[in-house]
Every structure is written in structure tokens, then in C-alpha cells.
Amino acid sequence: MSKEVRVRFAPSPTGPLHIGGVRTALYNYLFAKKMGGKFLLRIEDTDQARFVPGAEDYIQESLAWLGISAEESPWKPGENGPYRQSERKESYMQYALNLVEAGHAYYAFDTSEELEAMRERLTAARVVQPQYNSITRTQMKNSLTLPAEEVKERLASGEPYVIRVKIPRKEEVRLNDMIRGWVMVHSSTLDDKVLMKSDGMPTYHLANIVDDHLMGITHVIRGEEWLPSAPLHVLLYKFFGWEDTMPQFAHLPLLLKPNGNGKLSKRDGDKLGFPVFPINWENKETGETAAGFREQGYLQDAFLNFLAFLGWNPGIEREIFSLEELIDAFSIERIGKSGTKFDIEKAKWYNEQYLRSKSNQELALFIIDDAAKEGVEVNQKVAEQAAELTKGRVTFPGDLWKESKFLFVTLNSFDEDIASKKWNSDAVKVLSHYAKALKDFEGTFDAETAKSLLGSSAESEGIKLGKVMQAVRLSVTGSGTGPDLMEVFAILGPQEVAKRIQFALDTLPVLA
RNA sequence: GGUCCGUUCGUCUAGGGGUUAGGACGUAUCCCUUUCACGGAUAAAACACGGGUUCGAUUCCCGUACGGACUACCA
């Protein structure tokens, strides 16, 4: 009987949650649901200097938008709380002290200047990797080199200190990553990382291991940037004597820039014109707004689907998956190993697919809202017709109104290019005839009748309909392109169409 | 520089000792359409390189190249 799967997403509130972070959260969530386990959220706010107000709310709102809900979180505490590391501050010191007592960690009193000097000295001596390790610590000010009495005095006097892990000199550290397989590192390449900072806060390494242990985390699914420090984490589990319950690791491939090299950054989005954040982020200091997928018009289910396929796939050819289907299909084994370049075109395609699958009733709401913003009142029924007419032509919900606006607003201008090419005497003849026929029309006016009426107008003038079609469109919509014209006429009704044609007839100068 | 991770069409990927190396996005062409789009069809487009193992390697192994991450009292 295996124990319940428990995973966590552990963001730092240092700014807006990056899309890569959202994907990490999603994979954790999918895995938890798939395994019938629990997904927790823990805020890793141990760096007081980098704390950004509002970042936590941002995380909450972003995940809420996507429907990625945590069983336990700061906002929905369970029995493993608190869920903010700053609120767990008191507990970490004892664990660090236990490590000191067991000889796996030690106090260090070096100032940042002294550390800097050490690095410079080593660099000058052509040491390839200047770091605080099993060799260099013998020359620094710490509880390993200082007399016990002095250490005691320094501690008692309130002198600032840190607690560093004592990395063994010679040891193979192995871990079996669920995505990458066995990873082996020699301890001699690791350094004596700080566990407790001089401000009394733990570093990520300590807090993370202690909390994951305390919260019963069984699987750590996180970004690949953590892979280099994973051996340290394994060592810490061992030093604490928690090897038996050490979680399994899965290090996710990174999201890369669409072109060029490196990982995806905010700058890339700005430069290429797409968001890298789930929702808008207002930078309180600069007053700038970083664009979010939500505000750009990405549908949450489309975005989720797109995100899930960034580095993972179900192994079958279908690409449209609802959240439920994603949960059902998800497995860590099918996550790729290599970095994924971000492609906004694919995101757009997903959005189009989801948009088209939405009902007209739902889509009509977007049209009504956008119209209202411009002071135009649109009723549900016509908005639904407009949605049906235009949903195959758009990428974002906001495009619906742009594409159908002409249905609701009387136009006052015409595409000049089309007018100069197509507005000729033949067109005027046919349209004059058609306008009259429309004014006199009685009965049910649908696309069929609109078309046959137009056809007979052309015929009675002895003109081929195809030759004047664009002019007809121009006269009613002002544009040379758009959705099916006869459907447009049916929505507008004979009187409105006639009125518009008459306006065009009165306004546009006829070509020679 | 060091450590670790990676490398199949431009991009996301499937596959896996013998395949016409499959799909999707994007691109191009055609069909549909009295427009544009949608939809349908077709096309161009990939196993980084060099060795080994093998009857046979894109697939396994080793190098090389290239890319990436990490290398803080940041996470």
C-alpha cells in the first residue's frame, strides 16, 4: 500500500509569476489529481530584500483564473501550516542547530568583505572554482577553525553569523530523477552552502527540505534550474536522517526564448509582442503594466491546454484536451527532457480552436460587453447571430466585436481603395435597382431571399452579379472583405440594407 | 572556466536496432467560397557531427560540437 501522493508548488513572491512557473504549478496539479493525491501551495518568502508587495495576491489570482486549486495554501490552511515560510521562521533554527550538533553544519562569521577577499585570492591563485568548501573553510572564520571558547563568545555577543552545511570531502551523491534518470555528482564539486542567514531566516535549501519533510511531500516537481542543487538537497535529507521519506524529484525542462538563446524572459515578450505572464501585472514602482495572457484575450482553457503541451504530450495525436482530460492523460514519464522554445503562434491556434467551440450564447456576451464600452447597445439575439457569423474568423474574443461592429453601427466611410476600383456605373445600376426592391420587400427576409432578390436586380440590368459583388459589399459594410454578405443582409434586414445602399449611392463618386 | 542537463522538420513533438521517420503550429499551392476567413486536400521541411557495438544504428555506447541551467547570506 503506497502512501498518498502529496506535491507542492512553492513560488517566491518576488514579482509576477512567470509563465514557466505557471506550467510548473500545472504539472504539479495534474500529477496530484491523476494520482488521487493532494496539491499544496507554499509561499517561499525567506528573502526579505526581494519581497514584492502584491506578488502573493498575483499568484493567487493567476492560479484561480486557471482553476488550479490547492488543497492547502496560505488562503486555505490545512493541518500542515503555516504555508508562508516567513511565518515558519522560528522552526528552522532548531533544525539547523541539530545539524550543527551532528557535525553536518557549522557557524561561520566571515563578513561579506572577507568572503569577497577569499574569492579574489583564489581567483588570483587560478583556482578554477572559488568557493567556500572543504578546503577553503579551513582558512575562514568559522566554528571549525576558531577555538570553541571564541565561538561561544562571538555567539553570545550577538555577532552576526550564518550556519553553513559541511559538505563531505569525498562522496558520490546520486539521485534518480523521474525525468532524467540517475544523476551523479561528486561532493567535492559542491560548496558549503549557507543554511541559515545572518538575519535569522533560512535559505531556500534549508527551508525547502524542512518544509517538504514536515508537509509530507512525496514528489518534488520543479524547474530544471534546481537540478544543480538537488544533490545538496539529497545530502540534507541524509543528514537529517529523512532518507526513507525523501521525495522523488522531477526536474522540468526550461521554457526558452522563441528565437536566439536563453530562457524566456519578460524582455522577449515585450520585444516580440506577446505576454509572458498569466495576468496583467502592475509594477507599483515604475507604474508600468506587464501584459498578461488573460487580458490579451486568451481563454483560460485554451491557455491551460497550450501550457500543458509545452514540454509534455500524451503520445497520441489529439492535441485538444480539457483540464479533466489532461489529468486523465498526464504522466511524468511523458515529460520531455529538452528545453522548449516558446511559440506564441501555437498559443493563438489553441485560442482559435477553443473560441470556435464555444456556444454563440457565450460568445455573444463578449460582443455585448465590448459594444457597451463604446456606448453601443446590442441585444442578445443579434449578438448571437453576429457571433455565429464571425467566430470562425477571429483569434480573440475581442475580435468578435471588431469583426461585427459594422452590423450595429451605421457607417460613414468606405474603403477608398475598393471604392476606387469597384464603384462603377454597373454597380450603381444594380444597387439602385436592388435598393428599390428592398424598400418594397415584404415577408420573411433571409439570406436566400436577399440573394435571389439581388440576383434578379443584376439580371434585369443585364449585368453579371460577380462583377459588382464587391461594390455591393462595400456599399453595405464599407469594406471589401468580411463574413458572408447574404447572412449579413439577413441580420440587417431589408430596410437597413436599402438605407445603407442609398447612402453609398448618394455619397460615393462614380467612376468614369 | 568548472559541475550538471540536453540535442528528430523553422517551432512543439511521436517513434525506436530494419519505418516511405508520423502528427501539430507556421509556410506554400490547390479545392470550397460571387470577398476575406473557416474548412478540406496536397507540398516543401528533421534524426548535429565523428567513432564504436551490430548483418544492420536516427535508435545503444564513447567522444566532439552546439545549446541550456547552475556556480549569492536569491529563490
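All chains are named by letter (A, B, ...) in the order of the sequence lines, taking the proteins before the strands, and each is independently numbered beginning at 1.
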Inset, instruction - Could you work out the separation of G40(B) and G6(B) based on their C1' atoms and round it to a whole Å? - result: 39 Å
Legend entry - Lys451(A) side chain near U34(B) phosphate (N/O to OP1/OP2, under 4.0 Å): yes
Legend entry - Nucleic acid contacts of residues 222-229 of chain A, taken as heavy-atom distances under 4.0 Å to RNA chain B: Glu224(A), Glu225(A), Trp226(A), Leu227(A), Pro228(A)
Inset, instruction - Return yes if some donor-acceptor pair links the side-chain N/O of Asp301(A) with the main-chain N/O of Ser322(A) below 3.5 Å, else return no. - result: no
Legend entry - Nearest-nucleotide pick for Val185(A), side chain only, options being C5(B), C4(B), A75(B): C4(B)
Inset, instruction - Check every atom of G39(B), C74(B), G23(B) against the side chain of Thr203(A) and return the nucleotide holding the closest atom. - result: C74(B)
Inset, instruction - Mark yes or no: Arg318(A) above the aromatic ring of Phe321(A), with NZ or CZ under 6.0 Å from the six-membered ring centre and no more than 45 degrees from the axis. - result: yes
Inset, instruction - Please list all pairs passing the salt bridge (charged side-chain N to carboxylate O under 4.0 Å, His left out) test where one or both residues lie in residues 445-474 of chain A, with sequence neighbours left out. - result: none
Inset, instruction - Round to the nearest Å and state the distance from Gln131(A) atom CD to U71(B) atom C1'. - result: 8 Å
Inset, instruction - Would you check if Lys263(A) and Leu255(A) make a side-chain contact, meaning some heavy-atom pair closer than 4.5 Å? - result: no
Inset, instruction - Write down the distance separating the C1' atoms in A41(B) and C55(B), rounded off to the nearest Å. - result: 42 Å
Inset, instruction - Could you check whether Asp484(A) gets within reach of a base, just the sugar-phosphate, or nothing at all, counting any heavy atom under 4.0 Å? - result: base
Legend entry - Pairwise P distance, U64(B) and C4(B) [rounded to whole Å]: 13 Å
Inset, instruction - Please name all residues satisfying salt bridge (charged side-chain N to carboxylate O under 4.0 Å, His left out) with Arg267(A), sequence neighbours left out, ordered by chain then number. - result: none
Inset, instruction - Using a 4.0 Å heavy-atom cut-off across all strands, classify Arg119(A) as base, sugar-phosphate, or nothing. - result: sugar-phosphate
Legend entry - Side-chain N,O (Thr46(A)) to OP1/OP2 (A75(B)) below 4.0 Å: yes
Legend entry - Any donor-acceptor pair under 3.5 Å from Thr477(A) side chain to Ser479(A) backbone: yes
Atom pairs, protein N/O to nucleotides 10-12 of chain B N/O, distance under 3.5 Å:
from, atom 1, to, atom 2, distance (Å)
C12(B), OP1, Lys341(A), N, 3.0
C12(B), O2', Phe309(A), O, 3.4

Inset, instruction - Report the distance from atom CG of Leu122(A) to atom P of U71(B), rounded to the nearest whole Å. - result: 18 Å
Legend entry - Residue met sooner reading RNA chain B from 5', once Asp110(A) and Gln353(A) are mapped to nucleotides: Gln353(A)
Inset, instruction - Could you measure between the two P atoms, the one in C49(B) and the one in C32(B), and give it in whole Å? - result: 43 Å
Legend entry - Of residues 385-395 of chain A, the positions that come close to RNA chain B - non-hydrogen atoms, cut-off under 4.0 Å: Gly392(A), Arg393(A)
Legend entry - Interatomic distance, Asn351(A) CG vs C38(B) P [rounded to whole Å]: 15 Å
Legend entry - Whichever of His205(A) and His186(A) has its nearest RNA chain B nucleotide further upstream toward 5': His186(A)
Inset, instruction - Could you tell me whether a side-chain N or O of Gln470(A) sits under 3.5 Å from a main-chain N or O of Gly480(A), the two making a donor and an acceptor? - result: yes
Legend entry - U54(B) versus U29(B) - spacing of their C1' atoms, nearest Å: 44 Å
Inset, instruction - In sequence, state the C-alpha distance, the side-chain angles, and the governing distance for Phe306(A) and Tyr298(A), and then conclude on ring-ring contact (aromatic ring centres under 6.0 Å, His included). - result: CA-CA 10 Å; Phe306(A) 164 70; Tyr298(A) 287 87; 7.7 Å; no
Inset, instruction - Would you mind classifying the nucleic acid contact of Asp415(A) as base, sugar-phosphate or nothing, using non-hydrogen atoms under 4.0 angstrom? - result: nothing
Inset, instruction - Would you mind pulling out the nucleotide paired to A24(B), Watson-Crick or G-U wobble, both distances under 3.5 Å? - result: U11(B)
Inset, instruction - Considering only atom P, compute the distance from G67(B) to C61(B) and round it to an integer number of Å. - result: 24 Å
Inset, instruction - Could you check Tyr27(A) against Phe330(A) for ring-ring contact (aromatic ring centres under 6.0 Å, His included), going step by step and ending with a plain yes or no? - result: CA-CA 8 Å; Tyr27(A) 283 5; Phe330(A) 192 76; 5.4 Å; yes
Inset, instruction - Report yes if a side-chain nitrogen or oxygen of Asn313(A) is closer than 4.0 Å to either non-bridging phosphate oxygen (OP1 or OP2) of A14(B); otherwise report no. - result: yes
Inset, instruction - Check every strand shown and say whether Pro483(A) touches a base, only sugar-phosphate, or nothing at a heavy-atom separation below 4.0 Å. - result: base
Legend entry - Set of side-chain contact (heavy atoms from CB on, under 4.5 Å) partners for Ser456(A), sequence neighbours left out: none
Legend entry - With sequence neighbours excluded, residues passing salt bridge (charged side-chain N to carboxylate O under 4.0 Å, His left out) with Lys166(A): none
Legend entry - Strand-adjacent residues in residues 459-471 of chain A, judged by heavy atoms under 4.0 Å from RNA chain B: Leu465(A), Gly466(A), Met469(A), Gln470(A)
Inset, instruction - Pick base, sugar-phosphate or nothing for Lys348(A), based on heavy-atom distances below 4.0 Å to the nucleic acid. - result: nothing
Legend entry - A21(B) to C38(B) separation - P atoms, rounded to the nearest Å: 31 Å
Legend entry - Touch class at under 4.0 angstrom, heavy-atom based, for Val183(A) against every strand present: sugar-phosphate
Inset, instruction - Give the nucleotide from the list U3(B), G6(B), A24(B) with an atom nearest to the side chain of Lys337(A). - result: G6(B)
Legend entry - Touch class at under 4.0 angstrom, heavy-atom based, for Met184(A) against every strand present: sugar-phosphate
Inset, instruction - For A45(B) and U7(B), measure between their P atoms and round to the nearest Å. - result: 24 Å
Legend entry - Listed once per pair and sorted, the salt bridge (charged side-chain N to carboxylate O under 4.0 Å, His left out) pairs that draw on residues 180-196 of chain A, sequence neighbours left out: Arg137(A)-Asp192(A), Arg180(A)-Glu224(A), Asp191(A)-Lys193(A)
Inset, instruction - For Arg180(A), report the nucleic acid contact type (base, sugar-phosphate, nothing); a contact means any heavy atom under 4.0 Å. - result: sugar-phosphate
Inset, instruction - Taking only the side-chain heavy atoms of Val162(A) (C-beta and beyond), determine which of U13(B), A24(B), C73(B) contains the nearest atom. - result: C73(B)
Could you pull out every donor-acceptor pair under 3.5 Å between side chains of residues 195-202 of chain A and any protein atom, sequence neighbours left out?
from, atom 1, to, atom 2, distance (Å)
Lys197(A), NZ, Thr46(A), O, 3.0
Asp199(A), OD1, Met201(A), N, 2.9

Legend entry - Side chain to side chain, Thr145(A) and Gln139(A), heavy atoms closer than 4.5 Å: no
Inset, instruction - Tell me, please, which residues at least two apart from Arg164(A) pass salt bridge (charged side-chain N to carboxylate O under 4.0 Å, His left out). - result: none
Legend entry - Chi angles and distances behind the ring-ring contact (aromatic ring centres under 6.0 Å, His included) call for Phe489(A), Phe445(A): CA-CA 9 Å; Phe489(A) 284 9; Phe445(A) 188 73; 7.4 Å; no
Legend entry - Euclidean distance, atom CG of residue Asn208(A) to atom P of A75(B) [Å, nearest integer]: 10 Å
Using a 3.5 Å cut-off and no angle test, enumerate the donor-acceptor pairs between side-chain atoms of residues 89-96 of chain A and protein atoms at least two apart in sequence or in another chain.
from, atom 1, to, atom 2, distance (Å)
Ser91(A), OG, Arg88(A), O, 2.7
Tyr92(A), OH, Asp211(A), OD1, 3.2
Tyr92(A), OH, Asp211(A), OD2, 2.5

